[in-house]
Amino acid sequence: VQLQAFGGGLVQAGGSLRLSCATSGHTFSDYAMGWFRQAPGKEREFVAAISWSGGSTYYANSVKGRFTISRVNAKNTVYLQMNGLEPEDTALYYCARGRTGVAGPDGYDYWGQGTQVTVSS
């Protein structure tokens with residue numbers, strides 16, 4: 001199973017970015033997918049998750065209303081649309097595959113390499 005996240009970059013506060021995570025080596029539509037992030041000196045934290053069908057989503061309180069997770073099963077890809085970015089969103093963002101099809105903040109078994117998001121004030 002391979003996951004590759006991309007789409008990060010440098011953006012001003014209030015701006016937007018769209019992250020993508022392309023996957024291979026598994027039946028993508030069987031599994032929930034999630035996004036996590038880790039800022040320097042901090043622990044990795046959950047950001048968002050989506051169920052196998054895309055019918056259920058789950059967000060951390062810190063991003064609710066600003067970030068949107070989605071997926072296209074035909075493309076084996078999950079996305080994270082980030083709007084209203086704040087300097088506190090600066091982190092390395094990882095995508096991960098859930099162990100089941102149910103979305104939630106834990107229970108992930110494969111991880112991508114991460115893509116850096118930097119938000120300037």
Side-chain angles (χ1 to χ4, degrees):
V1 179
Q2 292 188 326
L3 295 83
Q4 184 171 4
F6 53 95
L10 174 63
V11 63
Q12 289 187 332
S16 299
L17 281 175
R18 187 195 196 203
L19 305 184
S20 301
C21 175
T23 77
S24 62
H26 63 162
T27 304
F28 180 72
S29 58
D30 283 350
Y31 301 96
M33 296 294 298
W35 286 96
F36 293 74
R37 66 187 182 187
Q38 187 167 19
K42 296 186 177 181
E43 293 187 352
R44 185 173 62 197
E45 65 172 352
F46 168 78
V47 175
I50 188 166
S51 63
W52 67 275
S53 67
S56 177
T57 56
Y58 193 100
Y59 295 94
N61 287 335
S62 59
V63 307
K64 202 172 293 184
R66 300 188 297 123
F67 291 10
T68 302
I69 189 171
S70 62
R71 65 190 294 161
V72 177
N73 285 348
K75 293 185 177 181
N76 295 339
T77 301
V78 61
Y79 304 94
L80 185 69
Q81 177 67 44
M82 305 185 294
N83 298 329
L85 283 161
E86 304 167 351
E88 294 73 22
D89 296 316
T90 295
L92 189 62
Y93 282 71
Y94 299 88
C95 57
R97 191 193 80 169
R99 290 191 175 92
T100 73
V102 178
D106 48 28
Y108 292 84
D109 54 6
Y110 289 94
W111 298 79
Q113 84 290 357
T115 184
Q116 179 67 38
V117 172
T118 303
V119 185
S120 63
S121 58

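- Taking the six-membered ring for Trp and thresholds of 30 and 60 degrees, F36 and F46 have ring planes more than 60 degrees apart, a perpendicular arrangement.
- By the neighbour-count criterion of 12 heavy atoms within 6.0 Å, atom NZ of K42 is sparsely surrounded, having that number or fewer from other residues, nucleotides or ligands.
- Within a 6.0 Å sphere centred on CD of Q2, other residues, nucleotides and ligands contribute 12 heavy atoms or fewer.
- In this structure, the separation between CG on N76 and OG1 on T23 is 4.5 Å, given to the nearest 0.5 Å.
- The two atoms that bring S20 and T77 nearest to each other are CB-CG2, 4.4 Å, heavy atoms only.
- Hydrophobic clustering (ILVMFWY, side-chain heavy atoms < 4.5 Å, transitive): V78 and W111 are in distinct clusters.
- Counting only distance, with no hydrogens or angles, the side chain of Q4 and the backbone of Q113 share no donor-acceptor pair below 3.5 Å.
- In this structure, CG on L3 lies 11.5 Å from OH on Y108, to the nearest 0.5 angstrom.
- The structure places OH of Y31 at 11.5 Å from CZ of R99, a figure rounded to the nearest 0.5 Å.
- Closest approach of P87 and A13 over heavy atoms only: CD-CB, 4.1 Å.
- G104 and A49 get closest at one heavy-atom pair: O-CB, 3.5 Å.
- Cluster annotation: Y94 is not connected to Y110 through the hydrophobic network of ILVMFWY side chains, with a link wherever side-chain heavy atoms come within less than 4.5 Å.
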For this session: Verify side-chain contact (heavy atoms from CB on, under 4.5 Å) between W35 and M82, making sure each step is shown before the conclusion.
Result: CA-CA 12 Å; W35 286 96; M82 305 185 294; over 6 Å; no

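- Of all non-hydrogen atoms in F28 and R71, the two that sit nearest each other are O-NH2, 2.9 Å.
- Taking hydrophobic clusters as Ile, Leu, Val, Met, Phe, Trp and Tyr residues chained together by side-chain heavy-atom distances below 4.5 Å, L80 shares a cluster with V117.
- Contact check for T68 versus Y79: no side-chain heavy atoms found under the 4.5 Å cut-off.
- The backbone N or O of I69 sits less than 3.5 Å from a side-chain atom of Y59, completing a donor-acceptor pair.
- Looking at every heavy atom in both residues, Y58 comes nearest to P105 through CE2-CD, 3.7 Å.
- Once rounded to the nearest 0.5 Å, the distance linking CD of Q12 with OG of S121 reads 9.5 Å.
- Residue R37 forms a side-chain hydrogen bond (donor to acceptor under 3.5 Å, both in side chains) with just one option from D89, T115, T90, and that option is D89.
- Rounding to the nearest 0.5 Å gives a distance of 7.5 Å between CZ of F67 and OG of S62.
- One hydrophobic cluster, built from ILVMFWY side chains closer than 4.5 Å, cannot hold both L92 and V47; they sit in different ones.
- Nearest heavy atom pair, residue V1 against residue R97, reads CG2-NH1, 3.7 Å.
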